[in-house]
Amino acid sequence: MKQKIFVSRAIFPEVLARLEQHFEVESNQEDRIYPADELLAKARGKDGLFTTPSEPVTAALFAANPQLKAVCNMAVGYNNIDIAAATAAGVMATNTPDVLNETTADFGWALMMATARRITESEHFLRAGKWKKWSYDSFVGPDVHGATLGIIGMGRIGQAIARRSLGFDMQVLYHNRSRLNPEQEARANNAQYVGKEELLKRADHVVLVLPYSKDTHHTIAAAELALMKPTATLTNIARGGIVDDAALIEALRAGRIAAAGVDVFENEPAFKPEFLQLSNVVLTPHIASASTPTRLAMANCAADNLIAALSGQAPPNLLNKDVAKA
């Protein structure tokens, strides 16, 4: 008999068909968002789960479903999975790193540029029929070329963003949990390792690309925003919770920083409606990895992990490598 899996959100039909070659699949192609109790029930009798960041996979779910062997997340981030509880329950947990680095870096750059050059603000002005004449100070903003780029979180995506800055003749500062080796710094446009406070004080454009954890919660809050230049921009393509959204709204409203580009929010898809009252913020709905090739690669990577895990092999992207010892 085939092992049973539950696919918790809608995915590409071709990936679903691939999974059906290996497993008895229950899928959610209608793309409902299941509350915790329903998700727990959907996991009942399943050997594996194919999940996305929108589904909290909790200790309670593991306790109620002791037959589970693997939870495979279609994302790089995995803060929706209680990894310690998975390990204690003997459940393998995986993510999908690397396949989205370049696409996410492209988007981070696009969001930073749109923020600096006031693209959405000026488009709204045009669409509202307000453009009647050219003016010397119409939607002026900071330059990107020749400016100082500050990257907080210098993993693969952060390094990819830094590489793109070479064509803009930018100086790159970065802050990270650990320093890169000299060869990595050289490839990242000779990036300079500095403390977070120094980066915030010196950078013209700050980009956040760090994973979410209890240690990175509100990495950028009121105190950090106060360190930034009033002409600086902040771009968040990391995770909701990295930034204190209420503090960011207040800083934007008061002009303590020039503008922000925000792709991720606290408590998303809910977000603070005060963002909508601000003209100096570019808002996107968590789409940094949203190219067709990349999302397909993410889905196939999650499928690879699930197929390996339920075939008795170590999945390529195992997060809890101590699971066998639990």
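- Pro316 pairs in a side chain to side chain contact (heavy atoms under 4.5 Å, CB included) with only one of the listed residues (Thr96, Asn305, Thr94), which is Asn305.
- In this structure, the side chains of Arg32 and Glu38 come closer than 4.5 Å at one or more pairs of heavy atoms.
- Asp244 contributes a side-chain N or O that, together with a main-chain N or O of Ala247, makes up a donor-acceptor pair within less than 3.5 Å.
- Nearest heavy atom pair, residue Leu225 against residue Ala251, reads CD1-CB, 4.0 Å.
- Of the options Asp106, Asn101, Leu149, a side chain to side chain contact (heavy atoms under 4.5 Å, CB included) to Ile161 is made by Leu149 and by none of the others.
- Contacts of Glu266 classified as side chain to side chain donor-acceptor pair (under 3.5 Å), with partners at least two apart in sequence or in another chain: His218.
- Looking only at side-chain heavy atoms (C-beta outward), Val172 and Ser165 come within less than 4.5 Å of each other.
- The existence of a salt bridge linking Lys201 and Glu198 is excluded, since no basic side-chain nitrogen approaches an acidic carboxylate oxygen closer than 4.0 Å.
- Residues Ile307 and Met298 share a hydrophobic cluster, clusters being chains of Ile/Leu/Val/Met/Phe/Trp/Tyr side chains in contact below 4.5 Å.
- Of the residues listed (Leu248, Thr284, Leu234, Val282), the one engaging Val262 in a side chain to side chain contact (heavy atoms under 4.5 Å, CB included) is Leu248, and it is the only one.
- Under a cut-off of 6.0 angstrom, the local environment of NZ in Lys4 is sparse, with at most 12 non-hydrogen atoms contributed by other residues, nucleotides or ligands.
- Judged as a side chain to side chain donor-acceptor pair (under 3.5 Å), and not counting sequence neighbours, the contacts of Tyr212 are His217.
- The number of heavy-atom neighbours closer than 6.0 Å to CZ of Arg118, taken from other residues, nucleotides and ligands shown, is above 12.
- Side-chain atoms of Ser8 and Asn28 form no donor-acceptor pair, as typed in the model, at a separation below 3.5 Å.
- When the shell of 6.0 Å around CD of Glu20 is examined, it contains more than 12 heavy atoms from other residues, nucleotides or ligands.
- Within 6.0 Å of CZ on Arg156 lie no more than 12 heavy atoms contributed by other residues, nucleotides or ligands.
- By the 6.0 Å contact criterion, CZ on Arg177 is open, its count of non-hydrogen atoms from other residues, nucleotides or ligands being 12 or less.
- One finds the CG atom of Asp322 at 12.0 Å from the CD1 atom of Ile83 (value rounded to the nearest 0.5 Å).
- The number of heavy-atom neighbours closer than 6.0 Å to NZ of Lys2, taken from other residues, nucleotides and ligands shown, is above 12.
- Residues satisfying the side chain to side chain donor-acceptor pair (under 3.5 Å) criterion with Glu26, sequence neighbours excluded, are Lys42, Lys46.
- Checking Thr294 against Ser291 by side-chain atom types alone, a donor-acceptor pair falls below 3.5 Å.
- Side-chain N/O atoms of Glu185 and Tyr174 include a donor and acceptor closer than 3.5 Å.
- Crowding of Asn181 atom CG: a count of heavy atoms from other residues, nucleotides or ligands under 6.0 Å exceeding 12.
- Counting only distance, with no hydrogens or angles, the side chain of Glu224 and the backbone of Ala221 share a donor-acceptor pair below 3.5 Å.
- Looking at residues two or more places apart in sequence or on another chain, you find a ring pair (Phe, Tyr, Trp, His ring centres under 6.0 Å) between Tyr34 and Phe6.
- For Ala43, the side chain to side chain contact (heavy atoms under 4.5 Å, CB included) test picks out Leu49, Leu61, Asn65, with sequence neighbours left out.
- Annotation for Leu126: hydrophobic cluster partners, listed by chain and number, are Phe125, Trp131, Phe139 (ILVMFWY side-chain heavy atoms under 4.5 Å, direct or chained).
- Ion pairing between Arg253 and Glu274 fails under the 4.0 Å rule for side-chain N and carboxylate O.
- In summary, Arg239 and Glu268 do not engage in a salt bridge, as defined by a charged side-chain N under 4.0 Å from a carboxylate O.
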